[in-house]
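First up is the structure itself, then whatever we jot down about it.
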Amino acid sequence: MTEKLSRLQIAWRLAQDLEEGLVVNLGAGMPLTVSNYVPAGREVIFHSENGVLGIGPRPAAGRENPQLRNAGNQPITLLPGGSLFHHADSFTMIRGGHIDVCVLGAYEVAENGDLANWILPDSPRAPAVGGAMDLATGAKRVFVMMEHCSKEGEPKILKKCSLPLTGLACVSSIYTDMAVIDRDPDGLVVREMIAGMDLAGLQSVTGASLRLADHWRVLSAPLL
Amino acid sequence: MTEKLSRLQIAWRLAQDLEEGLVVNLGAGMPLTVSNYVPAGREVIFHSENGVLGIGPRPAAGRENPQLRNAGNQPITLLPGGSLFHHADSFTMIRGGHIDVCVLGAYEVAENGDLANWILPDSPRAPAVGGAMDLATGAKRVFVMMEHCSKEGEPKILKKCSLPLTGLACVSSIYTDMAVIDRDPDGLVVREMIAGMDLAGLQSVTGASLRLADHWRVLSAPLL
Amino acid sequence: MINKIVSSLAEAVRDIGDGSVILLGGFIDQGTPDRLLEVLAERRPRDLVIATNNPSVNGRGLAVLMQAGCVRKLICSFPRAPNSDLIEDRMRAGELELEVVPQGTLAERVRSAGAGIPGFYTRTSVGTPLAEGKEHRDFEGETYVFEAAIKGDFALINAHQADRWGNLVYSGSWRNFNPVMAMGARITIAQVREIVPAGELDPETIVTPGIFVNRVVRLED
Amino acid sequence: MINKIVSSLAEAVRDIGDGSVILLGGFIDQGTPDRLLEVLAERRPRDLVIATNNPSVNGRGLAVLMQAGCVRKLICSFPRAPNSDLIEDRMRAGELELEVVPQGTLAERVRSAGAGIPGFYTRTSVGTPLAEGKEHRDFEGETYVFEAAIKGDFALINAHQADRWGNLVYSGSWRNFNPVMAMGARITIAQVREIVPAGELDPETIVTPGIFVNRVVRLED
């Protein structure tokens, strides 16, 4: 049977791919959970666009510093080696290609790497972009983590995005509850699928053509 | 008789016009001497383009910090309130109009405020501009200090500069060994002349038309 | 003697007039200049243009100014907050103009103004609705969009410590937009938690040199 | 464990190849990366393009590299020094290309490269020989000239203290161009006087966060 990953399991799976020494920005929401699952002993430097490098574990209850929070407004700690800077320097890091990986959620990803994750045209809310466009465009690699399909069961990986874009041809890898998919110059390549899933099954819930990597593996994650 | 000012006296005279609280950049060479003559008790903040604000008196012999020097490479001290920053921030201050006054030497000044102070076309030396163009263009006011005439006795204040320019229409005031001259929308206005000098005499050593201010005064400086 | 310390919040914001462009430091509710904004709201200036990362999320500061009807236009990256109904309602009523700007573009547009740079090119937003109507240009095979500087008449910021020359240091992530906005305005006004004698801040560690700051006011405890 | 500390100068500059664009920190002889340059000169790379405020004034560092015939082009603001005969002689011999850039324009061109900005407009140099051949453009009645980013393959810099993450602090006016050049290169290499354990540098006072630094080498006493 095909057991889909939970959101935390997606975060866990993505975290395994963050190599030692990378500088990684985690988008607000679900991506922020990724930092909990970096393998012990591996140093990954987490960046927050409000001017922090080297974010450590969440502070213990009662030990929060109200003047040290991430871009999701959660209390944080700094690791030894952490540093602080202002917004223009922070986005010099982002826009200038100094961030190795950013992790973002998505409404839609296209097979050419286009990303839509900031606005639903029919929303009554004011349009809010934050740092999403800067990160999508500036980071060396953009990892998307999301459910493979929308709540209505529609594919979110598409030939072409229908929603207003966040960035062009920027997504490098997609981590979903069903698969890990990389983008190469020819399109989308499935690197991992959950147990019981085959390419035809994955293709049936995907709006863009998928190829299977030669050495694809089963996508699995511990219970979290 | 007409007693011309020495270079140090020009510096002294200029220093009297630096009001409390101004941020002032002093060009290398002769302008650096200006800081010695700010009236006691008046706080003027001296900026050096290599990343220093709040330069204090020259350090006592043997007390120099080799890692604290000005743009002329002389040892300096910092006043309480001084700060340090990098070159991009330093020229944000300059280019962004945050420097109230810069003091520069000049080969030529034109009546429209054009300044030539960086290159002699027939020099065998490599052309070297340093921060002169940034300062001439970016400072709110540019004070020129120079001898009124060249060593050959030729006027240095001209209808139009003949040398390659440093900046366009940037000079606000000129302090020479004979006069203090301001620029207004109609041209050059003599604010002070040395004792014994009259407008005709000054005009005869000046290549641009001068007007005499209504309340002009005698230019004088203590013996230095 | 140079003394940028003013004795009250009201004195600090005394000359912010109708139609002023005001840059705000702060991010979410980290290091926002709430008290300056609240005291400004008492004076009921009209038609203010506010550049800030986001609206007030705690009902303080900018929320008070907006509720007082003082704001005509908001330039920001994330115009959404617990109280952003206010923004949306006023937008629908045609009483509030909104310009959405990517966060880093906002920071750089303000820094540019402070640095005497009228605008710059960035890849950020190319291909998105936020680039529509802007000049596009290719450099080495990549497409960029031109973003114009945002110059403030005033910046209102929040800092940890100040001295009488206006030197500032911040604390933790409350630094964020504050030093950037300080660079981009004609007059920068800081609310600070502590004032120390000149010379007490280590020159090596001052983040905002006093050249960028015009007035400092200490918050009452 | 992240460890950007390398054990020798030679290892620090091991991969600087012919034709590299190298950004140098330092100003006059304040905070120049002399030892890195001298060890690089031993390897005799060819056709280097060097961006720096000025040539070596003390006969060390860049002077050694130039005397070894490694430099094809110099981008600098003040190409004059006690030893600048060398520059002028080589220029006349057609062996050295010189691009003179106003000092602040040099800093901003490099910072732009580091910030993902391909170029910017400035009033500096308009109307002078240094603006000739460059794009001019008016903004609000003022004329500006376009200056393109300078991206380095390498930056060689000088700092006071470092940790294994590459965080740097400087000392006094030896800061100058060093943090700027660190931002503008693909690989930044710092010679430092002291290495301290991670966490010993106060996060509030780090000037160059380690993200901008690839290798750190401590000078022998």
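This is a predicted model, so every value here is computed, not measured. Sequence lines set the chain letters: A, B, ... in the order given, protein chains first and strands last, and positions in each chain run from 1.
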Q) What closest approach, in Å, do B:Ser83 and C:Ile206 show between heavy atoms, and which atom pair accounts for it? A)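 Scanning both residues completely, I find the closest heavy atoms to be CB-CD1, 3.8 Å.
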
Q. Can you name the closest pair of heavy atoms from C:Trp165 and B:Gly54 and give their distance?
A. CZ3-CA, 3.8 Å

Does atom [atom1] ([X]) have a neighbourhood of more than 12 heavy atoms from anything else shown, all under 6.0 Å?
| X | atom1 | value |
| --- | --- | --- |
| B:Lys160 | NZ | no |
| B:Arg7 | CZ | no |
| B:Arg217 | CZ | no |

Q. How long is the gap from CG on B:Leu78 to CD on C:Glu204, to the nearest 0.5 Å?
A. 8.5 Å

Q: Under 4.5 Å, heavy atom to heavy atom: which of residues 92-120 of chain B reach chain C? Give them by number, or say none.
A: B:Thr92, B:Met93, B:Arg95, B:Gly96, B:His98, B:Ile99

Q. Counting distance only, does the side-chain N/O of C:Asn167 pair as donor-acceptor with the main-chain N or O of B:Gly81 below 3.5 Å?
A.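 Yes; at least one donor-acceptor contact below 3.5 Å.
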
Q: May I ask you to decide if C:Ile2's main-chain N or O and B:Glu43's side chain share a donor-acceptor pair within less than 3.5 Å?
A: yes

(Q) Which residues pass the salt bridge (Lys or Arg N to Asp or Glu O under 4.0 Å) test with C:Arg72, not counting sequence neighbours? (A)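 For C:Arg72 the salt bridge (Lys or Arg N to Asp or Glu O under 4.0 Å) partners, ignoring immediate neighbours, are C:Glu97.
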
Q | Most chain B-contacting option - heavy-atom pairs closer than 4.5 Å, from C:Lys151, C:Met183, C:Lys4, C:Arg164 | A |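 Counting heavy-atom pairs under 4.5 Å, the top option is C:Arg164.
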
Q. For the candidates C:Gly199, C:Gly210, C:Pro203, C:Gly116, which exhibits the highest count of non-hydrogen atom pairs separated by less than 4.5 Å from chain B?
A. C:Pro203

(Q) I want to check something: taking the side chain as every heavy atom from C-beta on, are C:Ile211 and B:Leu53 in contact at a cut-off of under 4.5 Å? (A)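 They are in contact (side-chain heavy atoms under 4.5 Å apart), so the answer is yes.
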
